[in-house]
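As structure tokens, the structure follows; a few thoughts come after it.
Below, chains carry the letters A, B, ... as their sequence lines are ordered, and counting in each starts from 1.
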Amino acid sequence: MNDPRRLATLLLIWTALLTMPLWIGAIGGYTELASRVVVMGLAAMGLNFLLGFAGTLSFGHAAYFGIGAYGVGMTLKYIAPSTGLGMLIGVAAGTLAAAVIGALIVRLRGVYFAMVTIAFGQVFYFMAFRWNAVTGGDDGLTDWHRQPLDLGAGVLDIMHSDLAFYYFALAIFAAATAAMALLLRSPFGRTLIAIRENERRARFLGIAVERHLWLAFLISCGFATLAGTLYALLNNFVDPRALRWDMSGNFVMMAVLGGMRSFWGPLVGAAVFVVLQDFVSSRTENWMSIVGLIFVLVVLFFPRGVLGILRRRSVS
Amino acid sequence: MQQLILFNVFNGLIVGAFYALMALGLSLILNLSGVINFAHGGFLALGAYLAYSLMPSVGFWGALLLAPLLTALIGLLVERVLIRRLYGRDPLYSLLLTFGLAYILEDACRFIWGAQSLPYPVPEWLARPLSTEFFFLTGYRLFMVVLVALVVGGLFLVLGRTRLGMRIRAGTMDLETVGALGVNVRVLRNLNFGLGIYLAGLAGVLAAGMLGLQPTIGSSLIMPSFVAIIVGGLGSLPGTLLGGLLIGIASGLATVFLPAASEAIIYVMMGLVLLLRPRGLLGEEGRLT
């Protein structure tokens with residue numbers, strides 16, 4: 001933290017996040033939108049752990065996001081009215097699924113890896129879609145509600161207060177991103193970057209590349225799953241669209257839009273994407289065209305993302 | 001029971017033929033240019049809707065002939081203006097761009113032709129069942145299978161016997177050398193992309209006759225096509241064909257015995273293939289990138 005620019009960035013981001021509910025109304029938003037920014041930001045940062053730092057593109061992260069979402073919803077609906085237990089089960093289920101799928105695909109690379117993750121993502125979509133009796137099928141999982149949190153010293157009523165939920169989500173976000181930053185600074189994180197930069201050399205140095213990538217996939221999906229549990233709690237609802245391929249594409253877009261080579265980039269990308277989508281879809285039915293057009297324009301003209309542009313400008 | 005199995009196997013064969021047609025186009029583009037064309041399903045829908053609009057003036061057969069060609073023309077243009085810029089860059093970017101294109105194409109179909117599903121009439125004599133015992137075997141279904149077989153045969157002829165086909169095959173192995181030998185690689189990739197999109201457009205017109213028209217018709221067919229490529233083996237067109245037919249028949253059979261799993265089964269197959277033979281059934285060794 002000896003770099004003053006880095007300190008300033010951290011200060012800026014956390015001030016913005018901590019005060020967001022105060023000013024988001026002034027720019028036409030609402031508290032739930034702020035929560036969505038944080039939740040999607042966590043999912044995109046989780047994806048970027050794999051994409052930006054291990055250099056491996058997964059186009060199927062929505063599956064794990066969605067498993068987390070269904071996990072928490074189904075726990076609250078069928079097992080016990082406990083938000084904490086639901087999140088625990090959701091994250092465990094999603095991470096387990098990622099462990100199995102990850103083991104099947106770590107030997108693949110590049111385009112092939114991306115294509116297989118896309119295809120595998122669909123399995124869970126069809127499960128949610130077809131298993132009507134349990135998941136509610138296409139109509140989604142309804143008739144459940146997030147429950148107040150008993151913190152020992154007092155009860156945090158995230159059930160009735162959107163604001164309390166925002167700060168709850170932000171606390172989870174803070175813990176998760178701290179863990180992510182620590183992981184990236186650890187020898188494990190450095191090894192991932194080495195694999196990204198030159199896999200063959202890393203292999204010659206005796207690094208177990210497959211095992212590292214498997215673990216990175218697992219961790220990355222774990223963060224996405226955690227975001228998924230928050231997403232379900234935020235909406236008090238899950239439907240199969242949470243784990244469909246277009247959601248995976250949106251996550252990748254958020255990471256690229258913000259700048260995938262920087263730690264906070266995906267959060268910036270998620271903020272821009274979520275606010276833009278909210279704005280466009282409330283004004284026109286053809287929001288898909290607009291979002292699609294943004295995809296095309298970003299790829300053609302801003303492939304480094306917002307933070308990438310800022311960084312290049314400040315260097316030159 | 002026997003008839004039910006036969007019905008579903010035949011149904012699976014038809015569905016598999018669609019998957020194969022889609023997947024062959026995807027494979028062509030992927031093999032030569034390293035681009036996963038997410039917008040393939042969008043082009044399929046576009047082909048179907050173009051045929052719908054052309055039909056009143058040129059008839060069923062005219063639409064069948066013209067709509068895929070028109071779709072391919074649009075494909076050539078899209079490659080020329082957008083996709084060409086991304087060759088040689090991280091595949092992430094072409095994936096995202098074609099993903100955005102898929103959004104735009106689906107939404108454009110919805111905007112121009114409406115969100116409700118439209119009927120796609122086929123000639124009376126084609127829609128009739130061929131016999132009373134095998135009521136499900138309409139002339140149209142048989143016609144589709146025959147046409148797909150002819151088109152796939154034609155594709156392999158073009159690839160195996162023509163100069164363009166030879167260049168595409170050579171470019172798949174080593175594009176740089178092909179370029180150094182004086183072949184215009186830009187034109188080659190452009191034509192190859194158009195060929196792939198032609199197959200998507202054709203699949204769209206045929207699918208419209210069977211399923212009717214909806215803006216989402218493409219996105220429901222694209223995922224199984226990815227599975228077909230992976231099961232068949234990356235880099236192998238015969239593999240892609242085999243993969244498409246296999247997963248089609250498998251999901252047809254699953255409809256008989258375990259209807260809820262008719263979609264999931266193809267992903268189970270994919271998992272098994274990746275576990276036992278990561279390069280796919282007919283994939284070449286060392287092409288896992």
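Annotation: B:R277, atom CZ; neighbour count of heavy atoms from other residues, nucleotides and ligands within 6.0 Å is above 12. Taking a 6.0 Å sphere around CE of A:M127, one finds it holds 12 or fewer heavy atoms contributed by other residues, nucleotides or ligands. Residue B:R169 places its CZ atom among more than 12 non-hydrogen atoms of other residues, nucleotides or ligands, all under 6.0 Å distant. No more than 12 heavy atoms of other residues, nucleotides or ligands sit less than 6.0 Å from atom CZ of A:R241. Other residues, nucleotides and ligands contribute more than 12 heavy atoms inside 6.0 Å of the CD atom of B:Q116. Counting non-hydrogen atoms of neighbouring residues, nucleotides and ligands closer than 6.0 angstrom, the CZ atom of A:R201 reaches no more than 12 such neighbours.
Within the 4.5 angstrom heavy-atom criterion, no atom of A:W131 approaches chain B. A:F129 does not touch chain B: none of its heavy atoms, backbone or side chain, sits under 4.5 Å away. The contact between A:D246 and chain B is made by backbone and side chain atoms together, counting heavy-atom distances below 4.5 Å. With a threshold of 4.5 angstrom between heavy atoms, A:L104 approaches chain B through its backbone and through its side chain. If you measure heavy-atom distances from A:F120 to chain B, the contacts under 4.5 Å come from both the backbone and the side chain.
The aromatic rings of A:W287 and B:Y103 stand perpendicular to each other, their planes meeting at an angle above 60°, with 30° marking the opposite boundary.
A distance of 10.0 Å separates OH of A:Y112 from CD1 of B:I229, quoted to the nearest 0.5 Å. We find the OH-CZ distance between B:Y267 and A:F124 to be 11.5 Å, quoted to the nearest 0.5 Å.
The two residues A:G292 and B:I104 have their closest heavy-atom pair at C-CD1, 3.7 Å. Listed here is the closest heavy atom pair of A:L108 and B:P278: CD2-O, 4.4 Å. Considering every non-hydrogen atom in both A:S289 and B:A108, the closest pair reads OG-N, 4.5 Å.
The interface of residues 254-264 of chain A with chain B, defined by heavy-atom distances below 4.5 Å, comprises A:V256, A:M260. The stretch residues 16-26 of chain B places none of its residues near chain A, where near means some heavy atom under 4.5 Å from a heavy atom of that chain. Annotation: residues 265-276 of chain A contacts chain B through no residue [non-hydrogen atoms, separation under 4.5 Å]. Of all residues in residues 82-99 of chain B, those placing a non-hydrogen atom less than 4.5 angstrom from a non-hydrogen atom of chain A are B:L82, B:R85, B:L86, B:R89, B:P91, B:L92, B:Y93, B:L95, B:L96, B:L97, B:F99.
The side-chain heavy atoms of A:M115 and B:L234, taken from C-beta on, include a pair separated by under 4.5 Å. Proximity of B:R110 to A:E285: side-chain heavy atoms (C-beta onward) are nowhere separated by under 4.5 Å.
Annotation: maximal heavy-atom pairing with chain B below 4.5 Å, among A:V296, A:V123, A:N286, occurs at A:N286. In terms of non-hydrogen atom pairs under 4.5 Å with chain B, the most contact-rich of A:N250, A:V298, A:I294, A:L51 is A:N250.
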Mind running side chain to side chain contact (heavy atoms under 4.5 Å, CB included) on A:F295 and B:L101 for me, showing each step along the way? CA-CA 8 Å; A:F295 273 50; B:L101 271 181; over 6 Å; no
